[in-house]
Amino acid sequence: MKKINRFIAFAAVSTVVMFSGCGNTGLKKAGLTSSDTTRVILYNQIGYYPDARKVALIRSDAAKFEVIDANTGQSVFKGLTEAPEYWSFSGDSVRVADFSALIKPGTYRLCLGGSAVCSGSFSISDSVYTDITKASVKALYFNRSGYVITAEFGSKWARPAGHPDTAVLVHASAASKSRPAGTIISSPGGWYDAGDYNKYIVNSSITNYTLLLLYQLYPEYCRTLNIAIPENTNKIADVVDELLYNLRWMLTMQDPADGGVYHKLTDKAFDGFEMPDKDLAPRYVVQKSTQATLDFAAVMAMASRVFANDPDEELRNLSVVCREAAGKAMEWARKNPDILYKQPADITTGQYSDTLITDDLFWASAEMALTEDRPGDLPMPQINGVVAVTPWWQENQMLGIISLALSDNENFRDQSKAAAALLESFAGNLVAKSEKSPYRVSIDYFLWGSNGDVANQALVKLIALKLTGDKKYLASAQGDVDYLLGRNATGYCFVTGFGHLSPMHIHHRPSGADGVPEPVPGFLVGGPNTSVMHDCGPVVNRSKFPAASYIDSECSYSTNEICINWNAPLTFVLGALNSMQEKDEE
Ligand code: 9MR
């Protein structure tokens, strides 16, 4: 466990000073800084672009608020809060404080009228999300498996390499004629999935797709996004270098003999909270599954398309390799359409299993048809039959819809139109939900990884914005960003290393074992939900309200773990916003 207690860490940056009178005047007269330790003011702790919608939430009776310049204490905006609204998911009532009209760049705090309760500082600036976007990509670098994190790139989070994965055992469940159980294969690289040291194809697929999508839509922006990773000086965009670290590992998970893809590469059981190089347990590739093979085919087909005409020769060459790998995987999946993943008795790590894999089939079919330019392979009824849901690892059909909707291949005109209509209608419903929600977000279900769902809803809205140019999608996506960065029922900015109240005790083995008080930065934690109420033991109680049921404790794997598939949509959303802001266009 981290040595710094959360309360102490927070108290160090803030002190509550309550006195009568307007916050601004009082603060100035007293020459004091005060802050809202009781989390009455829920706000985006990083900030906003000048022209963004700016909404904070107030959990008190305050009828008036003002925004002050954080440096001078001068009041720059005065407003009235809206009537309180009760949110059944958080069990509390909040008032909207809208200060969208404040557009002047600066550093500010929001104070409640009639008291000295003020938020911490936040910025209004054109480059407000630059650092956090870079950090969200860098977090994946920190999770590289089989890789030394040097002090040059990792500063205090430097660590030796662990899990070379150059001698991995074929588990009995994965045995084949050419690779009987116990065969040793090499499968190095890739990212650790999360707080554990295992690598899973299903989750890698959606994660890699999401980052490829960022590069597909905003290649110029990606090329200017400089991240301090060792590949920084090569000609490839850093975010692509980072995603290649995992994509190349994925390629090694395909059995060259038949095209089938192993579901995961793993220890037999989760190990303790130790550094990667201390975990010397044998590693296994486990069972080929149809789900993993279809997801693999989908992301390889996508990668092949995205890199096909890249200015970089290495990526164009990789495009050919990915296309071939996708084709072989699809062939295997056609021959083996229903091999569900079944956790072997001696393996207890993450499952990423599913009993319904029609979504995976649709996603792979759509990506393959686009890559091979075979519209006939994707008849219209298949698209019309898709049920729109927020994409996540278990229901990934919308990824195929996104690819189709964005396609400019004339041969897919009908499919593309239908996909765009489906996506717009779904995104429109999300916007309508956020407009009605007291917390101004679309999320109305809280599963393990709810923050990933919020980020993916923002992603869908930004795709709808791209397709239509309608700014309502942008305003609603901003609400999702605000939520993730602090305007939520817990008051936490959910990205490590950012905000005034940020997770300190994440369920992440390196962060727990490295002796550094601060967690590895740039990770989005899973967030509130009630699916596992007692991951910290029977005596630790969490809120029964799902949107508030979060605890910043290392033991809370169900709310405070980090995971590659939650970071990827955060990177997409922030990157897309940055790119649009820089170019001032959709
Ligand atoms: O994100 C996954 C979540 O949807 C599941 O409910 C949960 C339990 O199966 O597993 C989560 O994924 C974990 C994976 O199994 C192992 N690595 C850590 C992942 C995030 O907690």
Side-chain angles (χ1 to χ4, degrees), residues 139-140 142-143 145 163 190-207 210 246 249 262-273 276 279 281 283-284 286-287 289 291-292 295 340-344 347-357 359-360 389-396 443 445-457 494 496 503 505-512 519-520 523-536 546 549-570:
L140 299 171
F142 278 118
N143 247 29
S145 150
H163 309 97
W191 301 307
Y192 298 128
D193 183 53
D196 62 324
Y197 291 138
N198 307 301
K199 307 189 284 194
Y200 308 83
I201 286 293
V202 169
N203 206 36
S204 275
S205 300
I206 181 168
T207 305
T210 306
N246 201 60
W249 163 70
Y262 302 111
H263 198 77
K264 61 179 173 176
L265 191 163
T266 183
D267 288 9
K268 279 195 167 178
F270 290 122
D271 61 324
F273 268 63
D279 173 22
R283 307 270 276 176
Y284 296 86
V286 181
Q287 201 207 304
S289 71
Q291 186 192 1
D295 293 357
L340 300 180
Y341 178 70
K342 190 169 173 294
Q343 183 94 302
I347 305 272
T348 53
T349 52
Q351 302 209 33
Y352 289 116
S353 60
D354 201 354
T355 47
L356 193 69
I357 55 172
D359 54 321
D360 309 86
V389 292
T390 302
W392 64 304
W393 67 263
Q394 203 168 46
E395 291 169 291
N396 47 33
I443 193 86
Y445 58 94
F446 288 82
L447 302 177
W448 186 320
S450 61
N451 283 343
D453 294 322
V454 172
N456 273 314
Q457 292 187 339
F494 284 127
T496 55
H505 313 285
I506 56 176
H507 185 90
H508 180 236
R509 281 163 177 74
S511 294
V520 173
F523 278 118
L524 179 66
V525 297
N529 71 91
T530 49
S531 37
V532 182
M533 284 306 266
H534 292 291
D535 44 12
C536 288
S549 202
Y550 165 78
I551 181 170
D552 180 21
S553 293
E554 188 182 275
C555 44
S556 188
Y557 54 82
S558 70
T559 74
N560 210 28
E561 187 162 5
I562 57 87
C563 206
I564 57 172
N565 66 314
W566 305 329
N567 256 62
L570 176 73

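Ligands are counted one by one from 1 in listed order, and the atoms in each one are counted from 1 as well.
For the salt bridge (Lys or Arg N to Asp or Glu O under 4.0 Å) test with Arg509, the passing option among Asp196, Asp271, Asp279 is Asp271; the others fail.
The atoms of ligand 1 that sit less than 4.0 Å from any heavy atom of Trp393 are 1 (O), 2 (C), 3 (C), 4 (O). Counting atoms of ligand 1 from 1 in the listed order, those under 4.0 Å from a heavy atom of Asp196 are 16 (C), 17 (N), 18 (C). Numbered from 1 in the order shown, with element, the atoms of ligand 1 that lie under 4.0 Å from a heavy atom of Trp566 read 1 (O), 20 (C), 21 (O). Remark: ligand 1 atoms within the under-4.0 Å shell around heavy atoms of Ala194 are 17 (N), 18 (C).
In terms of protein heavy-atom proximity, atom 17 (N) of ligand 1 is closest to Asp193 OD2, 2.9 Å. In this structure, the protein non-hydrogen atom closest to atom 15 (O) of ligand 1 is Gly350 CA, 3.2 Å.
The two residues Ile562 and Ala194 make their nearest non-hydrogen contact at O-CB, 2.9 Å.
At a cut-off of 3.5 Å, with distance as the only test, a side-chain donor of Ser558 or Asp535 sits close to an acceptor on the other residue. Judged by distance alone, the side chains of Asn560 and His505 never bring a donor and an acceptor atom under 3.5 Å apart.
Residue nearest to atom 19 (C) of ligand 1, selected from Trp392, Tyr352, Tyr200, Trp448: Tyr352 (by heavy-atom distance).
Residue contact annotation: Cys563 has a non-hydrogen atom under 4.0 Å from ligand 1.
Under the 6.0 Å cut-off for aromatic ring centres, Trp566 and Phe523 do not qualify, their centroids lying 6.0 Å or more apart. Between Phe494 and Tyr550, the gap from one ring centroid to the other is short of 6.0 Å.
With respect to Asp267 and Arg283, a salt bridge is recorded, a charged nitrogen being found less than 4.0 Å from a carboxylate O.
Contact annotation for atom 4 (O) of ligand 1: protein present (non-hydrogen atoms, distance under 4.0 Å).
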